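Just so it is clear, the values below take in all heavy atoms, side chains as well, and ignore hydrogens, waters and symmetry mates. All figures in this text were calculated on a predicted structure; none of them were measured in a lab. For the single chain, residues carry numbers from 1 onward in sequence order.
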Amino acid sequence: MIKNMKILHFETLESTNKYLIENHNVLEDNTIVSCDFQTNGKGRELRQWDSTKHQNLLISFLIKNPKNICKFHIFSLCSAVCVMKVLEKNSIKNVSIKWPNDVYVNDKKICGVLLQGEVPKYIVIGIGVNVNQIAFEGNYSTCPTSMKLESNILYDIEIIKQELICEMLTMFNNYDQYLKSAISNNYVKNKTISINGKKFVADDICPDGKLKAYDEKGNEHYLDSGEITF
Ligand code: BTN
């Protein structure tokens with residue numbers, strides 16, 4: 001299956017998401033781009049995504065097929081599940097999905113997903129997985145970790161990349177299974193979360209990707225992954 005994909009790799013890019021956004025008109029559906037270093041890696045809410053050169057997986061997927069684009073609201077979660085499966089296959093334990101689009105190991109963040117694009121024209125799914133980096137300098141809102149820090153194994157980033165691409169391609173044809181995994185590995189369940197300054201106690205992830213949560217008065221809410229930039 002990977003043979004039919006267009007996979008581009010660069011040593012340095014500003015951001016793999018930005019590359020696909022700027023070139024979406026001329027690139028085919030399912031084009032994948034990765035790089036060894038980003039000079040301006042993007043995170044959610046205008047945050048930076050910093051990653052030491054050659055240490056981590058920085059990869060983005062371009063989706064132009066309308067059949068897939070209409071599922072954009074569950075892609076962050078399902079992509080996080082793809083990463084979770086790759087991590088578990090590579091000896092990482094206690095992996096869970098932090099709704100709507102992070103992957104955690106215990107209480108530390110190992111991966112972030114950033115969805116961008118123009119629905120219904122195209123979407124870009126950008127994934128950063130901390131693979132071999134062991135020192136994280138600077139200010140992080142959540143404590144970071146990496147595969148190497150968790151297992152003491154030095155990984156071949158190319159193999160991790162191929163495994164993730166395989167999972168993503170499987171997921172594009174089988175969202176439901178992946179969504180079920182997100183539901184059963186829900187990191188935020190029963191935790192107090194704060195969205196746009198309001199406090200909620202999180203419950204289950206729903207089949208449409210929304211998060212069921214209760215406010216301080218016990219009223220039920222269905223939260224959208226409002227942080228997604230569209
Ligand atoms: C987050 O947790 O805030 C999302 C981080 C997403 C980072 C990845 S790295 C590959 C792709 N290119 C980017 O500039 N960002 C995403």
Side-chain angles (χ1 to χ4, degrees), residues 1-80 82-83 86 100-103 109-133 136 138 144 146-147 155-172 225 227-230:
M1 212 166 177
I2 283 187
K3 274 190 216 138
N4 301 326
M5 313 297 304
K6 179 140 187 165
I7 304 175
L8 308 170
H9 183 79
F10 297 89
E11 195 177 312
T12 304
L13 280 178
E14 209 178 304
S15 144
T16 52
N17 269 30
K18 188 166 186 234
Y19 178 87
L20 290 181
I21 290 168
E22 286 179 347
N23 296 290
H24 74 271
N25 272 326
V26 292
L27 294 172
E28 287 166 32
D29 178 41
N30 276 338
T31 300
I32 297 164
V33 63
S34 60
C35 71
D36 300 324
F37 183 65
Q38 296 184 134
T39 55
N40 193 14
K42 301 277 180 214
R44 281 181 289 123
E45 297 183 307
L46 305 176
R47 283 190 292 255
Q48 285 281 124
W49 184 261
D50 294 326
S51 170
T52 307
K53 196 169 192 173
H54 293 297
Q55 300 294 296
N56 301 317
L57 180 57
L58 304 164
I59 189 165
S60 299
F61 298 75
L62 174 65
I63 315 292
K64 292 171 84 173
N65 180 342
K67 177 183 140 282
N68 287 334
I69 290 176
C70 68
K71 295 278 178 188
F72 76 92
H73 53 285
I74 57 165
F75 267 141
S76 296
L77 271 175
C78 291
S79 302
C82 290
V83 173
V86 172
N101 34 5
D102 290 337
V103 184
K109 177 165 166 171
I110 198 164
C111 160
V113 179
L114 176 66
L115 224 80
Q116 295 182 289
E118 275 175 50
V119 175
K121 242 163 94 188
Y122 75 96
I123 56 172
V124 169
I125 306 173
I127 303 176
V129 186
N130 297 332
V131 181
N132 290 325
Q133 188 169 334
F136 293 88
S146 68
M147 295 175 69
Y155 293 91
D156 181 334
I157 296 170
E158 189 53 35
I159 293 176
I160 302 298
K161 173 174 145 184
Q162 297 301 322
E163 289 177 355
L164 180 60
I165 292 172
C166 282
E167 281 296 341
M168 292 289 284
L169 297 182
T170 310
M171 182 272 282
F172 290 142
S225 43
E227 292 180 353
I228 295 177
T229 53
F230 278 111

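Side-chain contact between Ile160 and Met147 is present, with at least one heavy-atom pair separated by less than 4.5 Å. The closest side-chain heavy-atom distance from Asn30 to Ile63 is below 4.5 Å. Between Ile7 and Lys161 there is a side-chain heavy-atom pair separated by less than 4.5 Å. Put simply, the side chain of Leu62 does not reach to within 4.5 Å of the side chain of Glu28, judged on heavy atoms. The closest side-chain heavy-atom distance from Leu58 to Trp49 is below 4.5 Å. No side-chain heavy atom of Asn101 sits less than 4.5 Å from a side-chain heavy atom of Ser79. Using a 4.5 Å heavy-atom threshold, the side chains of His54 and Ile157 count as separate.
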- Task: Kindly determine whether Val129 and Val103 satisfy side chain to side chain contact (heavy atoms under 4.5 Å, CB included), including the steps that lead there.
- Result: CA-CA 9 Å; Val129 186; Val103 184; over 6 Å; no
- Query: What's the verdict on side chain to side chain contact (heavy atoms under 4.5 Å, CB included) for Thr16 and Phe10, showing C-alpha distance, side-chain angles and the deciding distance?
  - Reply: CA-CA 9 Å; Thr16 52; Phe10 297 89; over 6 Å; no
- Task: Determine, step by step, whether Phe61 and Ile127 satisfy the side chain to side chain contact (heavy atoms under 4.5 Å, CB included) criterion, reporting the C-alpha distance in whole Å, the side-chain angles of both residues, the deciding distance to 0.1 Å, and the verdict.
- Result: CA-CA 9 Å; Phe61 298 75; Ile127 303 176; 4.0 Å; yes
- Message: Run Arg44 and Asp102 through salt bridge (charged side-chain N to carboxylate O under 4.0 Å, His left out) and show every step you take.
- Response: CA-CA 10 Å; Arg44 281 181 289 123; Asp102 290 337; 2.9 Å; yes
- Task: Determine, step by step, whether Phe172 and Phe75 satisfy the ring pair (Phe, Tyr, Trp, His ring centres under 6.0 Å) criterion, reporting the C-alpha distance in whole Å, the side-chain angles of both residues, the deciding distance to 0.1 Å, and the verdict.
- Result: CA-CA 9 Å; Phe172 290 142; Phe75 267 141; 5.5 Å; yes
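The distance from atom CE of Met171 to atom CG of Leu169, rounded to the nearest 0.5 Å, is 9.0 Å. Once rounded to the nearest 0.5 Å, the distance linking CZ of Phe136 with OG of Ser51 reads 8.0 Å. Between the CG atom in Leu57 and the CG atom in Asp36 there is a gap of 10.5 Å [rounded to 0.5 Å]. For the atom pair CD1 (Ile123) and SG (Cys70), the distance works out to 9.5 Å, reported to the nearest 0.5 Å. Atom-to-atom distance recorded for Glu118:CD and His24:NE2 is 5.5 Å, nearest 0.5 angstrom. Atom OG1 of Thr12 and atom NZ of Lys53 lie 4.0 Å apart (nearest 0.5 Å).
Tested against Val124 for a side-chain contact (heavy atoms from CB on, under 4.5 Å), the candidates Val33, Asn17, Thr31 yield a single pass: Asn17.
Nearest heavy-atom pair across Gly41 and Ser15 is CA-CB, 4.4 Å. Here the shortest heavy-atom pairing between Asn40 and Lys42 reads ND2-NZ, 3.3 Å. When all heavy atoms are compared, the tightest approach of Val86 to Glu163 is CG1-OE1, 3.7 Å. In plain terms, the two heavy atoms of Ser76 and Pro100 that are nearest each other are CB-O, 3.5 Å.
Between the Glu167 side chain and the Val83 main chain, no donor and acceptor come within less than 3.5 Å of each other. Side-chain N or O atoms of Asn56 include one that pairs as donor or acceptor with a backbone N or O of Val131 at under 3.5 Å. One N or O on the side chain of Ser146 and one on the backbone of Gln133 form a donor-acceptor pair closer than 3.5 Å.
Other residues, nucleotides and ligands contribute over 12 non-hydrogen atoms within 6.0 Å of the NZ atom of Lys109.
Residues forming a side chain to side chain donor-acceptor pair (under 3.5 Å) with Gln55 (at least two apart in sequence, or on another chain): none. In this view, Glu14 and Lys18 satisfy the side chain to side chain donor-acceptor pair (under 3.5 Å) rule, not counting sequence neighbours.
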